[in-house]
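Below, chains carry the letters A, B, ... as their sequence lines are ordered, and counting in each starts from 1. Note that this is a predicted model, so its numbers are computed, not measured. Note: hydrogens, waters and symmetry copies are ignored here, and every other heavy atom, side chains too, is used.
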Protein chains: 2
Amino acid sequence: MPTISDVARITGLSKSTVSRVINNHPYISSQKREKVLKAMEEIGYYPNPSARRLRGHTSNTIGVIVPRIVNPFFSYLVNSIEQEAFKNNYQVIIFQSNDLKDKELYFLNLLKNRQVDGIIMTSIENDWETIEPYMQYGPVLLCNEYVNQSSVSKVRLDQKKGAYMGTEHLINKGHQKIAYCTGGLFAGYGRDFDRNTGYQKAMDKHQLTPNPNWIFIQRHSIEDGKKVVKEILSMNDKPTAIFSGSDEVAAGIIIEAKENGLKIPDDLAVIGFDDQPLAEIVDPKLTTIKQPIDEMGIKSVELLIQMMNSKDSMVEEVQLPIQLIEREST
Amino acid sequence: MPTISDVARITGLSKSTVSRVINNHPYISSQKREKVLKAMEEIGYYPNPSARRLRGHTSNTIGVIVPRIVNPFFSYLVNSIEQEAFKNNYQVIIFQSNDLKDKELYFLNLLKNRQVDGIIMTSIENDWETIEPYMQYGPVLLCNEYVNQSSVSKVRLDQKKGAYMGTEHLINKGHQKIAYCTGGLFAGYGRDFDRNTGYQKAMDKHQLTPNPNWIFIQRHSIEDGKKVVKEILSMNDKPTAIFSGSDEVAAGIIIEAKENGLKIPDDLAVIGFDDQPLAEIVDPKLTTIKQPIDEMGIKSVELLIQMMNSKDSMVEEVQLPIQLIEREST
DNA sequence: TTGTAGGCGTTATCAC
DNA sequence: GTGATAACGCCTACAA
């Protein structure tokens with residue numbers, strides 16, 4: 001593997017000059033610049049990232065924390081991030097927190113060693129007070145999940161509006177008994193809180209009061225969705241529609257409802273969130289709230305790179321549009 | 001961020017001694033070892049990976065090349081790899097080749113800079129002659145995709161048997177006109193070749209000859225599956241069953257077949273490959289060949305770590321079992 | 001069993 | 001404009 005010294009030797013110049021060319025410094029005769037460039041090309045020289053990192057430069061590596069990559073929402077997000085990063089000459093290290101506080105912290109630690117230049121967090125496990133101190137070691141960007149803190153950059157959606165739209169869509173279809181199913185707990189802030197608020201706002205506006213039994217929390221998987229149906233079937237007062245915070249849970253609901261002879265959307269209308277590929281696979285096809293995943297990834301990388309390059313810490317917040325996709329399940 | 005010098009200063013020992021403790025060298029008085037360990041703990045010392053890398057040591061990083069992470073097969077594989085790597089204190093850099101030769105080569109290049117200690121390739125784009133030279137820079141392991149080369153380690157399945165089982169299953173159900181749908185071209189070796197061979201072998205054994213029109217190549221997505229159905233519908237001599245090399249294509253086939261009024265499995269039996277989650281979502285549920293993805297990932301990491309630790313290059317081949325999951329589509 | 005010194009490849013600083 | 005040199009943090013001959 002050729003080094004900067006090799007280039008220097010071949011061109012008869014000093015390492016400093018070569019380094020300057022590499023880093024696009026001014027004050028170099030274009031004649032020598034050409035010479036260096038040519039030599040680099042010839043011997044296939046490529047700067048050693050470890051050395052750069054050690055010397056205090058950037059590592060051209062960004063870390064992405066996801067709860068789990070097998071969730072299509074996150075694999076699509078990672079896809080978009082990786083593509084955009086590659087375009088900008090960055091590599092992506094992927095971390096799965098598995099909803100574990102410790103693992104999340106461990107990953108955040110890599111910022112200290114400059115293992116990564118910056119981190120995109122797509123989920124948050126620890127309290128913000130725990131996470132915030134890590135920001136002094138390098139830029140941290142929140143994508144998808146967020147907190148109500150003005151000190152951190154975010155790329156996010158209007159979750160409140162999304163849930164509002166979905167709920168109102170069901171109301172417009174004539175439903176009054178609308179169940180609500182979320183992945184989170186009833187947190188006091190962030191993504192899930194905003195969704196909850198959106199649902200409530202829509203219900204309130206139409207003077208509807210949900211039966212507390214119709215509120216399901218911490219549901220994530222297809223299996224969870226199936227269980228929701230079982231619970232509903234055992235109720236005296238059953239909902240006629242259900243808003244689910246994830247397409248996967250919604251898919252589970254549809255599958256199990258059909259098994260039990262329920263007609264969708266007649267007996268039970270279902271609306272999901274994400275617009276994952278399975279929304280078109282499930283039968284009937286799923287009405288859902290589409291999140292602009294690709295744009296989120298692209299914007300996140302763009303912003304993070306800006307943050308890494310700006311000397312003083314900058315904070316920016318980007319909000320992307322959200323959209324209702326009506327299919328057959330409502 | 002504390003360095004080895006800090007630990008040395010605090011303990012009153014030299015950097016060498018500290019380094020020896022870190023690297024578990026023999027010939028250290030257990031008394032001093034304790035002292036060092038304690039100091040490291042206290043100040044939260046963690047070796048700087050860049051420095052280690054530069055000095056010629058390992059980076060505790062492995063690279064994984066996948067064609068695309070949004071394909072559930074690969075996201076599950078990456079999940080398993082990341083989990084196992086984390087257990088062993090390794091980080092995972094993820095690369096998407098997007099079926100591009102250049103991108104694949106670019107990633108392989110990182111082996112030279114010791115950006116990664118080893119690479120797991122889950123797909124192969126370039127000719128083997130092009131890839132082989134990179135193996136001198138570090139261990140490369142083939143997982144899932146493979147070539148008929150004894151000089152490289154592999155973790156793979158008996159693809160031939162898988163395709164054979166699937167095809168014979170259809171034959172046993174009374175089908176004679178069996179279409180075949182693969183993601184690859186008709187390569188002369190490797191995974192897809194073995195699958196093709198398995199299909200042919202099963203057909204031959206039962207003295208069946210497929211209509212050449214029933215052979216579909218380079219089909220990957222749900223959309224591709226839908227197109228296959230359209231093509232079939234326009235044929236005079238139609239197959240009654242179809243073996244698909246991927247669950248996604250199979251799902252597309254089922255969806256489009258239903259749209260066109262075909263009953264599954266009566267009018268068209270469908271069998272997939274992978275056992276992805278969608279196999280249980282699609283209606284009717286998909287019969288498929290299950291690949292032990294988790295074991296593949298675990299075994300790959302295990303093996304790669306062994307390879308990275310062994311001084312002389314070792315080559316090993318692991319073959320994992322494969323299994324038919326019968327559901328409703330056949 | 002422990003310490004000293006040098007170098008991995010790069011870039012920033014200071015000279016010229 | 002260009003070059004020598006030190007330093008980033010770590011590990012390993014070599015010496016003691």
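Contacts with DNA chain D (heavy atom under 4.0 Å) in residues 26-35 of chain A: Tyr27(A), Ile28(A), Ser29(A), Lys32(A), listed by number.
For dT2(C), the OP1/OP2 oxygens have no side-chain nitrogen or oxygen of Thr17(B) closer than 4.0 Å.
A 6.0 Å sphere centred on CD of Gln136(B) holds more than 12 heavy atoms belonging to other residues, nucleotides or ligands.
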Study note, to complete from the structure: Expected string for nucleotides 8-16 of chain D under the B/S/- scheme (protein heavy atoms, under 4.0 Å, primed atoms plus P, OP1, OP2 as sugar-phosphate) is BBBBBB---
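In this structure, the CD atom of Gln115(B) is 12 Å from the P atom of dT10(C), given to the nearest Å. Summarising the geometry, the separation between CE on Met40(A) and C1' on dT10(C) is reported as 14 Å, rounded to the nearest angstrom.
Interatomic distance, Phe95(B) CZ to Ile119(B) CD1, rounded to the nearest 0.5 Å: 6.0 Å. To the nearest 0.5 angstrom, Leu303(B) atom CG is 5.5 Å from Leu141(B) atom CG.
Under the ring pair (Phe, Tyr, Trp, His ring centres under 6.0 Å) criterion, Phe73(A) pairs with no residue at all, not counting sequence neighbours. Residues that satisfy the side-chain hydrogen bond (donor to acceptor under 3.5 Å, both in side chains) test with Arg20(B), not counting sequence neighbours, are absent from this structure. Checked against side-chain hydrogen bond (donor to acceptor under 3.5 Å, both in side chains), Glu302(B) has the following partners two or more places apart in sequence or in another chain: Lys299(B).
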Show me the side-chain donor-acceptor pairs of residues 120-131 of chain A shorter than 3.5 Å, one per line, residues at least two apart or across chains.
{"unit_1": "Thr122(A)", "atom_1": "OG1", "unit_2": "Ile65(A)", "atom_2": "O", "d": "2.7"}
{"unit_1": "Asn126(A)", "atom_1": "ND2", "unit_2": "Lys101(A)", "atom_2": "O", "d": "3.0"}
{"unit_1": "Asn126(A)", "atom_1": "ND2", "unit_2": "Glu104(A)", "atom_2": "OE2", "d": "2.9"}

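A ring-centre distance under 6.0 Å is not found for Phe107(B) and Tyr134(B).
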